[in-house]
Amino acid sequence: MAAPQQQIGNTTASRIKALLFHVEAHHGRAQADALLLSTTLDRDYLDDETRPISHQLWAKGLEIFASRWGRAELDRIVPSLVHPENLGVWSRVLRGADTPEDAYRQLEQLGGEDAPTDRWKTVSSSPTTWVGQVVVRADEPLETDGLCARARASELSSIPILFGLPRARVTVETLPGQRADLLEQRFVVRWGRSPAAAYLLRTTLGTCLGLGGAIVLDSRPLVTLFSAAVGALLGSAAAAIGELLRRSRTQAAAQRIRLQALERSLALRERRDRSSSGFFEGSVIAGQYRLTLKLGAGASGTIWEAVRLSDGQTVALKLLRTAVAHDTVAADRLRREAAALGLAWHPNVVEVYEDGHLADGTSYLVMERLFGESLAERLQRVGTLTPEELLPVALQVCAALGAVHAAGIVHRDLKPSNIFLSRIDDASPGEAVERIKLLDFGIARVEWAETRLTNAGAPLGTPGYMSPEQEQGLEIDARSDLFALGSILFECLTGRPPPLTSMEFRSAPDDPKSESAIHVAFREMPDDWRHLIEKATDPLPRNRYMDSRAVAEALHDLAERNHIHPSMPRTLVG
């Protein structure tokens, strides 16, 4: 079984908020403010514990916390993790969970785009034990020295408290991952005490008391046996009553915490709705863009259709929420997207008109409004593209990459969802015309603007489209985008996504009978296309095409040899 995908990038503000609560409770407000200042966050942002922060920011907070108060202090932050004002982040874990075992197993449903947290995998579970693991990077110091693992152990130990039980006991073991650059942290969590054990203990105690009393008061065997039986019955009754009382108290505490978590979650949702109410249909942004239709929303912001008041032109407007601007990675991504798009103007690159900041700190980016569908949506709808359909798409992507690379930019996240098939409105009547538009330069490598994103210690991109050097976090150049283009061509022709790692793309099994679907699809591809893709996705950059112009020339040669002509709808070659 493949290792679970590592969660890189974001986590939730609850982790920093727990540190802040603990420091404030035990070391004073001034120390808490100093810790908060070192993280570049503020109390307003942490007021909503479900907000995203970067994983690197959490690690930085842990490092500062441990350096001031010691690593062992992390074991004592558990009450702050389940503080009434930090319960909003637990609502998803508690939803539908009647026992701690249910909640631990629920962790497996979290992570990824829907909830930016660690990606957990349940190894085994029982009513009083859970074994789970999370995959982490082997080159992150705070992962290899166990600091992040210790913080995770405290979080896991707090879950039984949400059910009215004492905190759990957690042991951690770090194991080699399935890849050399990954580690598996395995957590064994034990909580509570078996009701059967408690029942047996009280019954035994009652028997011993009855037996002891009989021996002291009357040594006759029948009296002794009778007293022991009565003691056992009383002990059993006491055990049953005690267990009922314990369950009642536990259920009452669990219900109270569940209601608190629900109320906290609803309060945060209402607050987010109120805070986002400043952006609504009809609002005017930056004095010149009237919002008309919300196109999408995420944890960091929204994207709207808007009308530019000066000339009535329809545009797309990205708005980065004010609070998210405190996350330097999110702010950097919007800034470099604006920079990259401004540098790489080309008919096949989405055009940016303006970027800036509003008075409340909200960042915005104004781009051309596109109509159509992404290449990913097209593939999902039709399955595969014929060579006639793929050729003009590939040539336009080459043209876009030529302009991008000439501007000193490497896209770094080229994939079907970032290639848009835009409908052209001014085509001749009755003629369907499409133009390819390259999107999303949020993690692009801009030569003069490399700051936090490239120093984050993690490869940037999407598995399956990253070149080997990009997977390893090494220096990359334009040929890394050409590798991604080769992976896209493979996907378009076969209908199968490329393998998650570049090594799987190349490694063929010794026994032909054990060929994977990827190997079969690659082998059954038309020879000319297979040779082109093999060269574009060669593991060594020096063996790939030198630039996108060379790929375009190879595509033209392939088309001539195979008499390929673009099919309808007609696609403009930029």
Side-chain angles (χ1 to χ4, degrees), residues 8-9 112-113 295-296 298 300-301 303 316 318 320 329-330 332-352 365 367-382 385 389-390 392-405 407 409-423 434-446 453 459-467 470-471 476 478-493 496-498 500 502 536-537 548 551 571-572 574:
I8 298 173
E113 296 180 357
L295 301 177
S300 60
I303 183 166
K318 268 190 179 182
L320 187 70
V329 173
D332 270 353
R333 290 192 173 188
L334 195 69
R335 177 183 62 83
R336 77 179 47 231
E337 182 168 12
L341 291 172
L343 286 171
W345 185 90
H346 187 273
N348 294 123
V349 178
V350 64
E351 185 175 0
V352 62
L365 179 66
M367 301 174 293
E368 65 176 313
R369 171 73 161 100
L370 301 177
F371 298 90
E373 63 182 346
S374 69
L375 181 57
E377 292 169 329
R378 176 71 58 86
L379 291 175
Q380 187 175 14
R381 183 166 57 82
V382 303
L385 299 185
E389 294 168 331
L390 177 58
V393 172
L395 288 173
Q396 287 188 83
V397 173
C398 287
L401 289 178
V404 168
H405 296 160
I409 299 164
V410 181
H411 190 285
R412 280 202 292 210
D413 199 22
L414 190 64
K415 55 186 176 181
S417 60
N418 287 337
I419 297 173
F420 197 85
L421 286 71
S422 176
R423 295 194 305 271
E434 292 178 336
R435 174 179 282 132
I436 299 303
K437 293 284 186 176
L438 203 56
L439 308 177
D440 198 349
F441 286 73
I443 64 169
R445 182 187 184 278
V446 184
L453 279 178
L460 297 171
T462 301
Y465 306 95
M466 289 193 291
S467 63
Q470 192 174 353
E471 289 176 349
I476 65 170
R479 291 170 293 184
S480 189
D481 283 344
L482 301 185
F483 182 99
L485 176 57
S487 297
I488 292 169
L489 297 180
F490 170 87
E491 183 172 358
C492 289
L493 288 171
R496 296 182 178 276
L500 290 180
S502 59
T537 59
S548 60
V551 179
T571 310
L572 295 176

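A quick note: this is a predicted structure, and the numbers were derived from the prediction, not measured. The residues of the chain are indexed from 1 along the displayed sequence.
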Taken to the nearest 0.5 Å, the spacing of Ile488 CD1 from Leu493 CG works out to 12.0 Å
Working to the nearest 0.5 Å, report the span between CG of Leu421 and CZ of Arg435.
-> 12.5 Å
Do NZ/NE/NH1/NH2 and the carboxylate oxygens of Arg378 and Glu434 come within less than 4.0 Å?
-> yes
Any side-chain heavy atom of Leu439 within less than 4.5 Å of one from Ile419?
-> no
If every non-hydrogen atom of Phe420 is compared with every non-hydrogen atom of Leu370, which pair is closest and at what distance?
-> CE2-CB, 3.6 Å
Ala478 versus His405, closest heavy-atom pair with distance | CB-ND1, 3.3 Å
So how far is it from Met466 CE to Arg412 CZ, rounded to the nearest 0.5 Å?
-> 11.5 Å
Heavy-atom donor-acceptor pair, Ser548 side chain to Gly402 backbone, under 3.5 Å = yes
Taking only residues two or more places apart in sequence or in another chain, which ones pass side chain to side chain donor-acceptor pair (under 3.5 Å) with Gln380?
-> none
In Å and rounded to the nearest 0.5 Å, what is the CG to CD1 distance from Leu395 to Ile436?
-> 10.5 Å
Taking all non-hydrogen atoms of both residues, which atom of Leu438 and which atom of Ala400 are closest, and how far apart?
-> CD2-CB, 4.1 Å
Which heavy atom of Val350 sits nearest a heavy atom of Met367, and at what distance?
-> CG2-CB, 4.4 Å
Spacing of OG belonging to Ser487 relative to CG belonging to Leu482, to within rounding of 0.5 Å = 11.0 Å
So CG of Asn348 and CG of Leu401: to nearest 0.5 Å the spacing works out to 9.5 Å
Quick one: does Ile476's side chain get under 4.5 Å of Asp481's, heavy atoms only?
-> no
Please examine the side chains of Cys492 and Leu375, heavy atoms only from C-beta on, and report whether any two atoms are closer than 4.5 Å.
-> yes
For residues Ser417 and Ser374, report the shortest heavy-atom separation together with the two atoms involved.
-> O-CB, 4.0 Å
Using the test side chain to side chain donor-acceptor pair (under 3.5 Å), find all partners of Ser480 that sit at least two apart in sequence or belong to another chain.
-> Ser467, Gln470
Donor-acceptor pair, side chain of Lys437 and main chain of Asn418, under 3.5 angstrom = no
Distance under 6.0 Å and angle within 45° of the ring axis: does Arg369 meet both against Phe371?
-> yes
